[in-house]
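Below, read A as the first sequence line, B as the second, and so on, with proteins coming before strands; counting in each chain starts at 1. Values reported hereafter were calculated over all heavy atoms of this structure, with side chains retained and with hydrogens, waters and symmetry mates removed. Computed from a predicted model, the values in this text were never measured in an experiment.
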Protein chains: 4
Amino acid sequence: MPKVTEAHRAERREQILLAAARCFARDGFHATSMDTVIAEAGLSAGAVYGYYRGKDELIEAAAGRAVELLGDVLPVVAAAPSPAALVEQLLGLVTEVADRLGFDPTRIAVLAWGESVRNPRVREPVARAYTAIRAHMAEAVRHWQRDGRMAADADPEEVAKVLFGLLPGFIVQRQLIGDVHPDRYAAALRALTGGAGTG
Amino acid sequence: MPKVTEAHRAERREQILLAAARCFARDGFHATSMDTVIAEAGLSAGAVYGYYRGKDELIEAAAGRAVELLGDVLPVVAAAPSPAALVEQLLGLVTEVADRLGFDPTRIAVLAWGESVRNPRVREPVARAYTAIRAHMAEAVRHWQRDGRMAADADPEEVAKVLFGLLPGFIVQRQLIGDVHPDRYAAALRALTGGAGTG
Amino acid sequence: MPKVTEAHRAERREQILLAAARCFARDGFHATSMDTVIAEAGLSAGAVYGYYRGKDELIEAAAGRAVELLGDVLPVVAAAPSPAALVEQLLGLVTEVADRLGFDPTRIAVLAWGESVRNPRVREPVARAYTAIRAHMAEAVRHWQRDGRMAADADPEEVAKVLFGLLPGFIVQRQLIGDVHPDRYAAALRALTGGAGTG
Amino acid sequence: MPKVTEAHRAERREQILLAAARCFARDGFHATSMDTVIAEAGLSAGAVYGYYRGKDELIEAAAGRAVELLGDVLPVVAAAPSPAALVEQLLGLVTEVADRLGFDPTRIAVLAWGESVRNPRVREPVARAYTAIRAHMAEAVRHWQRDGRMAADADPEEVAKVLFGLLPGFIVQRQLIGDVHPDRYAAALRALTGGAGTG
DNA sequence: AATGAATGAGCGTTCATTCAT
DNA sequence: AATGAATGAACGCTCATTCAT
């Protein structure tokens with residue numbers, strides 16, 4: 001099979017990445033062997049290693065991918081009418097993508113947090129993506145302050161940290177306990193924030 | 001040979017568990033070899049295996065221990081005068097214990113979440129501990145509702161989930177980004193909850 | 001499609017062989033991957049395998065080639081006026097060809113000796129070439145005996161072995177230590193052989 | 001099997017080294033798999049890796065060992081009465097040790113030369129050992145010059161190189177062709193050196 | 001004739017665990 | 001009870017070779 005298009009190469013990379021992500025989401029990074037990923041991808045060992053340098057790169061790619069999808073909603077985040085609306089939208093997104101992607105990105109996210117403890121190559125891109133989201137949330141907070149919906153003396157960056165923190169808070173409970181739902185979570189947040197905001 | 005020996009056994013188990021926890025917090029569960037734990041404990045392989053059945057049991061024990069310390073503050077949780085006060089107290093506790101224990105329990109917590117994805121023996125005790133905290137938080141919510149500080153129609157269990165979620169939210173940012181502080185986090189939460197509550 | 005195509009085939013084989021020889025001389029047989037040879041030849045994997053059955057055949061061909069060039073001087077050998085002259089001529093040849101060939105045949109020779117330990121397909125042609133040279137050296141010895149320059153009771157075949165042995169002796173020191181020079185080596189040999197012989 | 005003496009450790013290292021050397025002498029460095037060495041040593045993989053860091057270290061150790069035995073005769077070398085006597089003694093030694101060691105050190109030496117092309121960790125100790133022998137040979141040459149048995153204007157270091165070179169010359173023919181014998185080689189050398197010398 | 005992506009057997013190595021002492 | 005040398009299954013990965021195009 002000679003000379004193959006760049007598009008075909010990208011497709012193969014995607015095929016392998018998704019296979020790896022499915023395996024990781026199922027068994028965790030370390031309990032997943034390359035043989036398992038290789039079988040899941042329906043390829044040979046050599047083929048997989050032709051597209052990724054090794055297991056580490058696959059872990060980094062899967063972690064990056066799981067976090068990437070948050071980037072899709074950055075504009076929406078900055079324009080959210082209220083904290084609860086913002087969170088509801090994000091949680092909805094996070095909950096819904098599993099089918100579209102073929103794996104649960106929140107499981108990979110949780111694995112990625114654990115891996116981050118010792119692996120900067122996982123931690124740094126994740127930290128960067130999260131920092132970007134927080135910046136957009138801070139932007140939203142500033143809107144709310146201008147609208148008079150939030151105390152003007154609050155530090156927008158710090159409020160954004162709390163808002164952002166609701167996301168991992170939801171994910172941890174979703175993965176460990178399983179009894180959380182985006183809309184009920186948002187409703188409770190609305191109760192907590194004094195019911196202010198219309199979104 | 002009862003009591004004395006039993007106490008000795010417990011001491012040795014503690015010595016090994018703390019050694020393992022230090023290693024895990026430093027390198028993660030899977031990058032920590034039993035040899036490393038054995039060296040850190042200052043014992044022989046055989047000795048360690050005399051007290052724990054294997055690495056998995058050590059991981060489960062370390063995860064359990066990291067989560068256990070939250071049990072100390074259950075009464076305080078239920079009596080907290082406001083969401084922000086509650087969260088401030090918990091985050092303060094969580095931030096402070098690292099020195100006392102010789103390892104950072106929030107690092108182990110993050111590792112435990114990752115491990116929970118595939119290992120019910122880690123997930124279940126953690127989930128149980130978290131559920132217990134949430135129950136106490138729901139109790140606090142009910143107090144606030146009785147005091148008129150919170151909308152009476154809010155579901156206390158759901159509000160508790162949000163409150164509890166602030167904890168992992170803080171921990172994830174602490175571990176991955178590192179720019180969060182208990183008091184500033186609580187202050188931002190206070191701004192978000194409309195400044196209601198004085199505690 | 002005879003002649004032209006046959007010439008083209010021979011050219012391609014030569015191009016591949018020289019590429020392989022350069023790689024082998026640089027990195028050794030086993031640390032050279034086929035990919036490296038293929039890249040050095042500027043061809044594709046399939047093309048290289050169209051001309052050589054595999055890596056082993058390439059090793060055998062390179063070893064053969066490194067040894068072949070000694071065949072050029074067989075007539076000179078038989079006519080040498082003295083041991084020292086003979087050796088000087090051979091060492092000079094051996095030292096000089098590296099540039100002409102694009103690789104150092106003495107490096108390949110050393111590699112070939114190592115490979116000979118287990119691979120008769122390398123050993124046999126090399127052994128045959130060396131035996132041929134020794135036969136010509138024995139011829140020279142007989143000349144010297146007839147001329148009265150060497151004891152008549154010496155076994156020419158055995159003396160030839162010693163003379164031939166000076167060659168690998170030089171090469172080993174050249175490759176491992178690097179402080180030997182053909183003319184100084186020949187001069188020392190002249191001192192050792194009692195200064196007999198003027199050539 | 002707890003606490004074992006240093007002597008026992010040394011024995012095990014020797015057992016493994018000899019097993020590796022036998023395998024290497026039989027099949028070459030690269031065609032010998034660690035599994036083969038492990039089986040030959042009668043141990044498990046883990047045990048072997050407890051004594052040697054890996055295959056490379058085993059190769060280096062085997063090469064070193066094959067060359068070491070020449071160190072035993074350094075004093076004898078310096079005192080040799082004639083070139084032929086010197087060479088005869090060395091070749092005799094080299095030929096005889098195979099049984100004592102359980103492997104043919106000249107096969108390993110040839111492999112080591114090949115490996116030296118690209119591996120300084122093999123080349124350097126071998127080069128050092130050879131340089132040491134040459135220094136002793138130069139000493140012998142100086143004796144012969146003082147005795148009037150050799151031209152006073154010859155460079156002893158250069159003559160030593162030629163003398164030393166007889167060794168690899170013998171070994172190469174022994175391994176590739178197999179028709180050389182220490183005493184006949186020495187006799188031929190005696191003929192070549194003008195029969196001078198009584199040794 | 002030429003391509004190069006794909007193959008897959010086999011490699012060197014690790015490490016949780018055992019058990020003779 | 002304690003030791004630590006020994007075990008061996010399983011891992012991640014390489015690379016000589018093939019064959020559909």
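- Separating the OH atom of B:Tyr52 from the C1' atom of E:dA16 is a distance of 17 Å, rounded to the nearest angstrom.
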#### Entry: Per-nucleotide pairing state of DNA chain F [Watson-Crick or G-U, under 3.5 Å; [ ] pseudoknot-crossing; | other strand]
.||||||||||||||||||||
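- One finds the CG atom of D:Leu17 at 10.0 Å from the CZ atom of D:Arg22 (value rounded to the nearest 0.5 Å).
- Separating the CG atom in D:Asp35 from the CD atom in D:Glu40 is a distance of 13.0 Å, to the nearest 0.5 Å.
- OP1 or OP2 of F:dA2 lies within a sub-4.0 Å distance of a side-chain N or O belonging to B:Arg12.
- The OH-P distance, from D:Tyr49 to E:dA16, rounds to 18 Å in whole Å.
- If you check residues 15-23 of chain D against DNA chain E, you find no residue with a heavy atom closer than 4.0 Å.
- The side chain of B:Arg53 contributes no N or O atom lying less than 4.0 Å from OP1 or OP2 of E:dT17.
- Spacing between atom CZ of B:Arg13 and atom P of F:dA2 amounts to 14 Å, rounded to whole angstrom units.
- Side-chain contact between A:Gln175 and A:Asp104 is present, with heavy atoms from C-beta onward closer than 4.5 Å.
- Taking atom NE2 of B:His8 as the reference point, atom P of F:dA1 lies 10 Å away to the nearest angstrom.
- Looking at D:Glu6 and D:Arg9, their side chains come closer than 4.5 Å, going by heavy atoms from C-beta outward.
- Screening residues 43-65 of chain C for ring-ring contact (aromatic ring centres under 6.0 Å, His included), with sequence neighbours left out, gives no hits.
- Annotation for B:Arg121: atom CZ does not count as buried by contact number, only 12 or fewer foreign heavy atoms lying within 6.0 Å.
- Atom CG of B:Leu176 and atom CD of A:Glu124 lie 11.0 Å apart (nearest 0.5 Å).
- Residue B:Lys55 places its side chain closer to E:dT17 than to any other of F:dA16, E:dA2, E:dT17.
- For DNA chain E, none of the residues of residues 108-124 of chain B falls under the heavy-atom distance limit of 4.0 Å.
- Residue B:Glu11 contributes atom CD, which lies 16 Å from atom C1' of F:dA1 at whole-angstrom precision.
- Note that CD of D:Glu11 and OG1 of D:Thr5 are 7.5 Å apart. Values are rounded to the nearest 0.5 Å.
- Residues B:Glu60 and B:Asn119 form a side-chain contact, since some pair of their non-hydrogen atoms from C-beta on lies under 4.5 Å apart.
- Within residues 30-46 of chain A, the residues approaching DNA chain F are A:Thr32, A:Ser33, A:Met34, A:Ala45, A:Gly46, by heavy-atom distance under 4.0 Å.
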### Query
Passes side-chain hydrogen bond (donor to acceptor under 3.5 Å, both in side chains), A:Glu115 versus B:His30? Steps please.
CA-CA 9 Å; A:Glu115 197 62 14; B:His30 297 287; over 6 Å; no
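- Closest to the side chain of A:Ala47, out of E:dA2, E:dA5, E:dT7, is E:dT7.
- Rounded to whole angstrom, the span from the CG atom of C:Asp56 across to the C1' atom of F:dT17 amounts to 12 Å.
- The side chain to side chain donor-acceptor pair (under 3.5 Å) test applied to C:Arg13 returns no partner, not counting sequence neighbours.
- Put simply, the side chain of A:Arg26 does not reach to within 4.5 Å of the side chain of A:Thr32, judged on heavy atoms.
- Between the C1' atom of F:dT17 and the OH atom of C:Tyr51 lies a distance of 18 Å, rounded to the nearest Å.
- Between the CZ atom of A:Phe29 and the P atom of F:dG12 there is a distance of 14 Å, rounded to whole Å.
- Counting only distance, with no hydrogens or angles, the side chain of D:Arg107 and the backbone of C:Val117 share a donor-acceptor pair below 3.5 Å.
- Between D:Arg65 and D:Glu14 there is a salt bridge, since a side-chain N of the basic residue sits under 4.0 Å from a carboxylate O of the acidic one.
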